[in-house]
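Quick one: this structure, given as structure tokens, is what I'll be asking you about.
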Amino acid sequence: MLLCVVGASAPIRISGLLTDQPELSPGPLIEPMPKYDPALIEPKWQAWWAEHDTFRSPRLPAGRKAYILDMFPYPSGDGLHVGHPEGYTATDIVSRFERMRGTSVIHPMGFDAFGLPAEEHAIRTGTPPRESTERNIATFRRQLQMLGFSYDWSREIATTDPSYVRWTQWIFLVLYDTWFDREQQRGRPIAELPIPDVVKDAGEAAVAAYRDSRRLAYQSEAPVNWCPALGTVLANEEVIGGVSERGGHPVVRLPLRQWMLRITSYADRLEQELDSLDWPDSIKKLQRDWIGRSTGAEVDFFLPAAGATEAAVAEAYGQWKQNRAAGGYPEEPPGDVLRIYTTRPDTLYGVTCMVIAPEHPLRVRLTTADSAAAVEAYCEAASHKSDLDRTDLAHEKTGVFTGSHCIHPLTGQPVPIWVADYVLASYGTGAIMSVPAHDDRDYEFANTFGLEIITVVEPLVGESTALFSGRGRAVASGPYTGLTTEEFIPQVGADLEAAGLGRPAVNYKLRDWLFSRQRFWGEPFPILHELDDAGEPTGVIRPLEPADLPVPLPELTDFRPGQTPDPPLSRAGDDWLFVERDGKRYRRETNTMPQWAGSCWYYLRFLDPTNDERFIDPAIEQAWMPVDLYVGGGRLVNQGMILGEMEFTGYRAATGGWVSAGEQGAADAAMKIAPDQVEKQGEHFVLRDAPQVRVESRAYKMSKSRGNVVNPDQIVREFGADALRLYEMFMGPLEATKPWSTAGVGGVRTFLDRCWRLVVDENEDSLTLAAQVTDAEPTDEQQRAFHRMLAKVTADIESLSFNTAIAKMMEFVNFATPQQQRPRKMLGGFVTVLAAFAPHLAEELWSLLGFAAPVSLAAWPEVEACWLYDQTVEIPVQIQGKLRARVVVPADADAATIEAAAAAEPKIAALLAGKQVIKVIAVPGRMVNFVVKG
RNA sequence: GCCGGAGUGGCGGAAUGGCAGACGCGACGGAUUCAAAAUCCGUUGCCCGCAAGGGCGUGUGGGUUCAAGUCCCACCUCCGGCACCA
């Protein structure tokens, strides 16, 4: 330390800015800088931290550990907006705080870099997505570093890195090679799938097909939103009112071969595991609703041959029932039945029509010649509606009669079959029995089309109404009449099962995940399609070997979509597209994976980002997981948790498992948010209902309402990074939606200026410690002020209440500013606390005070409890609960003492005179209340 | 429609059932200055009052309690999520 002491109590001149260690010198001497100038000190300390690897985390934690994870940002071309640094600053404060308390902290950052915007940019400009993505990442990295976040940058990853893509593709291979064992409730290698004898007997192709039907990753024909004019497939959100959001072009729903993930296999297990998770009930409920488990029954309705006479129908129906009674209920619905799912099999006698989804496979067959034109027109129109349109708008019921009937399995009566888009093809069996008297939607439908309404349930109490969807007692229900709903459902379920006409069933709102996109900028699938001699696909699929990974993206010059929904990769050169293996010719899969394929496991790769052997070393994972703090989106938690879970299960299955069964509960919850402080905040905080959405929309509102984007670069230039960080934390609790106010940044900047002046004399020409900075011991008053501040800030960081922590630091500065003696020891302690929030300024002040850098790794001060309590306290005195006076009493005075002191207070004595005191409540150390009469 | 969450000064927001409005912004006053900026020190919920003092105040209406922003009931408003899942 190059200090030149001019006089005992004279200002201390500092000719070097830092310390006496030459290797720590920040480089060229900076001109005298008596004013707080973040533009100088912030880059200086960022460079220092980088040079000294200040925030590098160990490979394995030593002692207490904290995995502090941020939202995985998509590096958009616009760079960071002011919404981003909020969560990032919060986690950075905790990271710095924990580090200073000696915790092993891992706090990484990376980029979720696949995605649509880069591709659209490529289409517009011809720039390859990789180029623009790398440029955008560079901007993001620069901006994040500019804000002084204490990331371990040596762990930076991007989902687009070939070394990362490799493992994303590898995970897919594991999923492809895994089936879900319902009995054991876990994934197992496909080779262990028991093959039924009937399948075995049918030959190798049948066995392969059977396996394919059980794999966690499988192909299916799923409807997508195809916009011919834009030449692209659109997400549901991009389709509004049947036309594309951009351009207003018509959109059709058409089935395309897609890759799916069989998450529904996990529905029960996920729901059960929710019980064991230590999450707020509201979040659990959200999750539970999302899984949407419902129980009920499947029932088959007999479909007579078209045009058969009444007698022939009766005959065939009788035969069918006999066969069913003998052969039981078939796994898959045969062609002669319409299978429906209902949660209320007790309303079977109230069925007045059947309704199938427009996409129902039997639709064409069930449509009679007379009705064909109307049904076709209806379904054509429905295909132009996205799922969103069908559900979003006013639920006006539409539909059309197919012209045919089925036979009621209990009454033998014919029931008309309609097509209506309020029935979703993707749920249950895609067909329902309509019971207008006891279902809102069916009631509306029946009213719209003048269908019969038959009441078969009456409320247990009160009057019967035209529409009653509650539970009650059965009427007009044949042998079941008189049963309550609770008795009826199991009874009829058992009867239907015995008769082979139906069975109890469970359904989920949760759907299997669509895992493929017809896009360029995503991970290619490590899958080959076998071709025959004519070059046509044989339908045989061959996964690549792990050694073949990563499959790179081909070089394309034209990223534009084509006239058909063929993915851009199908236009790749032959050298990429066609592959030979074992003398057979293959064509690569040309779909790509969705953005979340890479982003759902980023938190694992951070722990072991350069591992070439595995996607993560199990020992490392076991040591660092679970994530201790995550401030980000609930939606991300949803999908992250569940996909993470699914991949984990697949992973364990594939590798023989390294997580013992007993530990699964804890390890499975990949995004589990563990530390106590989060629980204290409960749902208000980290586990907000859908914080990601809220954060995004907040940023949107901020920028929209102000008419321009608030750019962090500009704020940092004007006020400094420390001021921006502090502002984001100070304006309110973390979970609240806060409007951006540039004036508020000025307020916290003033606070930082005041911190600066506690240490530096601004009136001198050169950088000079303030004359008040001394080596004296702090006074008792100073000790009290400091330790109270310290205790509050420490507790507030633990509960993530940064706004009140900052308020307390401001109070401390307000206290310290007029102090004529400001002991170096006290200032050092304050700067240590400040370092978690405004690290650049803190480092600078720390050095100026003569301590060895970095304060970022200095020990967090211990709270000395003896300074937290006064000898005396001032307590309120109330009469009838109204504040009338205050008295000063010893802090440890008992109830009788303070009561006496209160009664003796002149004003109280005057008010009590002539009144009868009925009761006195005296709480030691808190208050006294007199209850009087008269 | 269903499920959450929230309503406190001009504004952002504090407040284990025990002094409502910490802290900051804004506003006002003072010191400093030739003057201003900056800085420092004050005042600042509303109403009545020269003052001492008093009254009213946490979306609305009830309730529990010696005591309610905080707990209970009903309602209003806003925000968020889910939403034709049979």
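The sequence lines fix the lettering, A, B, ..., with proteins before strands; numbering per chain opens at 1.
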Under 3.5 Å, is there a donor on one side chain and an acceptor on the other for Asn507(A) and Ser294(A)?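 Judged by distance alone, the side chains do not pair up.
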
Between A86(B), C66(B), C23(B), which nucleotide gets closest to the side-chain atoms of Met810(A)?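 Closest nucleotide among those given: C23(B).
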
Could you tell me how far U44(B) sits from G59(B) if I compare only their C1' atoms? Round to whole Å.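 Pairwise C1' distance, G59(B) against U44(B), rounds to 25 Å.
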
Side chain of Pro876(A) only, heavy atoms from C-beta on: which candidate in G12(B), C19(B), A86(B) is closest?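 My answer, after comparing the listed nucleotides, is C19(B).
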
What nucleotide among G54(B), A86(B), G18(B) has an atom nearest to a side-chain atom of Asp439(A)?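 For Asp439(A), the side-chain atoms sit closest to A86(B).
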
Check every strand shown and say whether Asn814(A) touches a base, only sugar-phosphate, or nothing at a heavy-atom separation below 4.0 Å.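 It contacts sugar-phosphate atoms only.
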
Taking the same atom, C1', in G13(B) and in A37(B), what whole-Å distance lies between them?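 It works out to 30 Å between them.
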
Which of the following nucleotides, C82(B), A86(B), C56(B), is nearest to the side chain of Lys882(A)?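 Nearest to the side chain of Lys882(A) among the choices is C56(B).
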
Toward the 5' end of RNA chain B, by each residue's nearest nucleotide, Met433(A) or Lys907(A):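 Its nucleotide being nearer the 5' end, the pick is Lys907(A).
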
With the side chain of Ile921(A) defined as its heavy atoms from C-beta on, choose the nearest nucleotide among A14(B), G18(B), A86(B).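 From the listed options, G18(B) comes nearest.
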
What is the separation between atom CG on Asp753(A) and atom P on A37(B), rounded to the nearest whole Å?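 Spelled out: CG on Asp753(A) to P on A37(B) is 17 Å.
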
Syn or anti for G9(B), given that syn means the glycosidic angle lies within 90° of 0?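 Syn, since the glycosidic angle lies within 90° of 0.
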
Closest to the Val423(A) side chain, choosing from A86(B), C41(B), C66(B):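 Given the options A86(B), C41(B), C66(B), the side chain of Val423(A) is closest to A86(B).
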
Any base atoms under 4.0 Å from Gly292(A), or only sugar-phosphate, or nothing? Heavy atoms, all strands.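 Nothing: the residue Gly292(A), judged by heavy atoms under 4.0 Å, touches no strand.
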
Over 60° means perpendicular and under 30° means parallel, so classify the ring planes of His408(A) and Phe301(A), tilted if in between.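 It falls in the perpendicular class, over 60°.
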
Using only heavy-atom distances, decide whether a donor-acceptor pair under 3.5 angstrom links the side-chain of Arg754(A) to the base of U39(B).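 Between U39(B) and Arg754(A), which were checked side chain against base, a qualifying N/O pair under 3.5 Å is absent.
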
Using atom CD1 of Ile908(A) as one end and atom P of C66(B) as the other, report the distance to the nearest whole Å.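 Whole-Å distance recorded here is 20 Å.
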
For the pair Thr817(A) (side chain) and Val813(A) (backbone), establish whether a donor and an acceptor sit closer than 3.5 Å, ignoring hydrogens and angles.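 Looks like yes, one N/O pair under 3.5 Å.
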
For nucleotides G69(B) and G30(B), find the distance between their C1' atoms and express it as a whole number of Å.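 G69(B) and G30(B) have their C1' atoms separated by 36 Å.
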
With C1' as the reference atom in both, quote the distance from C23(B) to A14(B) in angstrom, rounded to an integer.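 To the nearest whole Å, 7 Å.
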
Could you state the CE-P distance from Met809(A) to A22(B), rounded to the nearest angstrom?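 Taking CE of Met809(A) and P of A22(B), I get 19 Å after rounding.
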
Using whole Å, report how far CG of Leu883(A) lies from P of C56(B).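 It is 13 Å, rounded to the nearest whole Å.
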
Contact check, side chains of Glu359(A) and Leu424(A), non-hydrogen atoms, under 4.5 Å: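 A side-chain contact under 4.5 Å is absent here.
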
Considering every strand and a 4.0 Å limit on heavy-atom distances, what is the contact class for Glu762(A): base, sugar-phosphate, or nothing?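 Nothing, no nucleic acid heavy atom in range.
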
Between U70(B) and U16(B) - P atom distance, rounded Å: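 Here U16(B) and U70(B) have their P atoms 13 Å from each other.
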
Return the value, rounded to whole Å, for the distance between atom CZ of Phe930(A) and atom P of C19(B).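 Taking CZ of Phe930(A) and P of C19(B), I get 17 Å after rounding.
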
Six-ring centre of Tyr422(A), Lys397(A) cation under 6.0 angstrom, axis tolerance 45°: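 The answer is yes; both the distance and angle limits are met.
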
In plain terms, say whether Lys35(A) and Asp37(A) are close enough for a salt bridge, that is, a side-chain N and a carboxylate O under 4.0 Å apart.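 Salt bridge: no.
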
Does Lys808(A) make a side-chain donor-acceptor contact with the base of C23(B), cut-off 3.5 Å?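 Counting by modelled atom types and ignoring angles, no donor-acceptor contact under 3.5 Å is found here.
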
Span that lies between the P atom of A15(B) and that of C47(B), in whole angstrom: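 Their P atoms lie roughly 28 Å apart.
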
Presence of Ser294(A) side-chain N/O under 4.0 Å of A86(B) phosphate oxygens OP1/OP2: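 For Ser294(A), the contact criterion (side-chain N or O under 4.0 Å from OP1 or OP2 of A86(B)) is met.
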
Atom pair distance, as rounded to whole Å: CZ in Phe751(A) and C1' in U39(B):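 Roughly 17 Å, once rounded to whole Å.
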
Touch check for Arg511(A), heavy atoms < 4.0 angstrom, all strands: base, sugar-phosphate only, or nothing?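 Base, at least one base heavy atom under 4.0 Å.
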
Is any side-chain N or O of Asn507(A) closer than 4.0 Å to OP1 or OP2 of A86(B)?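 Looking at the OP1 and OP2 atoms of A86(B), neither is under 4.0 Å from any side-chain N or O of Asn507(A).
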
Using atom P in both nucleotides, what's the gap between G10(B) and G62(B) to the nearest angstrom?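 So the two P atoms sit 24 Å from each other.
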
Please classify the nucleic acid contact of Glu874(A) as base, sugar-phosphate, or nothing, using heavy-atom distances under 4.0 Å.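 The residue Glu874(A) makes base contact.
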
When the distance from OH of Tyr727(A) to C1' of C25(B) is rounded to whole Å, what number comes out?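 So the two atoms are 10 Å apart, to the nearest Å.
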
Can any side-chain N or O of Thr352(A) pair as donor or acceptor with the backbone N or O of Glu452(A) at less than 3.5 Å?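 Judged by distance alone, yes, a pair lies under 3.5 Å.
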
Among A22(B), C41(B), C84(B), find the nucleotide with the atom closest to the side chain of Pro818(A).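 The nucleotide sitting nearest to the side chain is C41(B).
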
Symbol by symbol from the 5' end, with Watson-Crick or G-U pairs under 3.5 Å, [ ] crossing and | another strand, RNA chain B is (((((((..(((.....[....)))((((((.......))))))((((....))))..(((((..]....))))))))))))....

G26(B) and G21(B), which share atom name C1', separated by this distance in whole Å: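 Result for the C1' pair: 16 Å, nearest Å.
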
Of the nucleotides A14(B), C23(B), A86(B), which one has an atom closest to the side chain of Phe730(A)?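 So the nucleotide nearest the side chain must be C23(B).
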
Check this for me: does any side-chain nitrogen of one of Arg293(A) and Asp268(A) sit under 4.0 Å from a carboxylate oxygen of the other?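 Salt bridge between Arg293(A) and Asp268(A), a charged N being under 4.0 Å from a carboxylate O: yes.
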
Which listed nucleotide (A22(B), U39(B), G18(B)) is nearest to the side chain of Arg926(A)?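 Of the candidates, G18(B) comes closest.
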
Please tell me which of the listed nucleotides, G24(B), G13(B), A22(B), lies nearest to the side chain of Ala807(A)?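 That would be A22(B).
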
Atom OG1 in Thr347(A), atom NE2 in His438(A): separation rounded to 0.5 Å?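 Result: 7.0 Å between the selected atoms.
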
Asp440(A) has an atom CG; how far is it from atom C1' of A83(B), in whole Å?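 Distance, rounded to whole Å: 13 Å.
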
What does Arg757(A) touch in the nucleic acid at a heavy-atom separation under 4.0 angstrom: a base, only the sugar-phosphate, or nothing?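 Sugar-phosphate contact only - Arg757(A) comes under 4.0 Å of backbone atoms but never of a base.
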
Exam field: side chain Arg344(A) to backbone Thr342(A), donor-acceptor pair closer than 3.5 Å: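 Pair absent, no side-chain N/O of Arg344(A) close to backbone of Thr342(A).
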
Both Thr817(A) and Asp442(A) contact RNA chain B. Taking the nearest nucleotide for each, which residue is further toward the 5' end?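 Whichever sits nearer the 5' end wins; that is Thr817(A).
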
Parallel, tilted or perpendicular: rings of Phe802(A) and Phe837(A) (30°, 60°):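 Correct class here is perpendicular.
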
Side-chain N or O of Tyr422(A) closer than 4.0 Å to phosphate OP1/OP2 of A86(B):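 No.
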
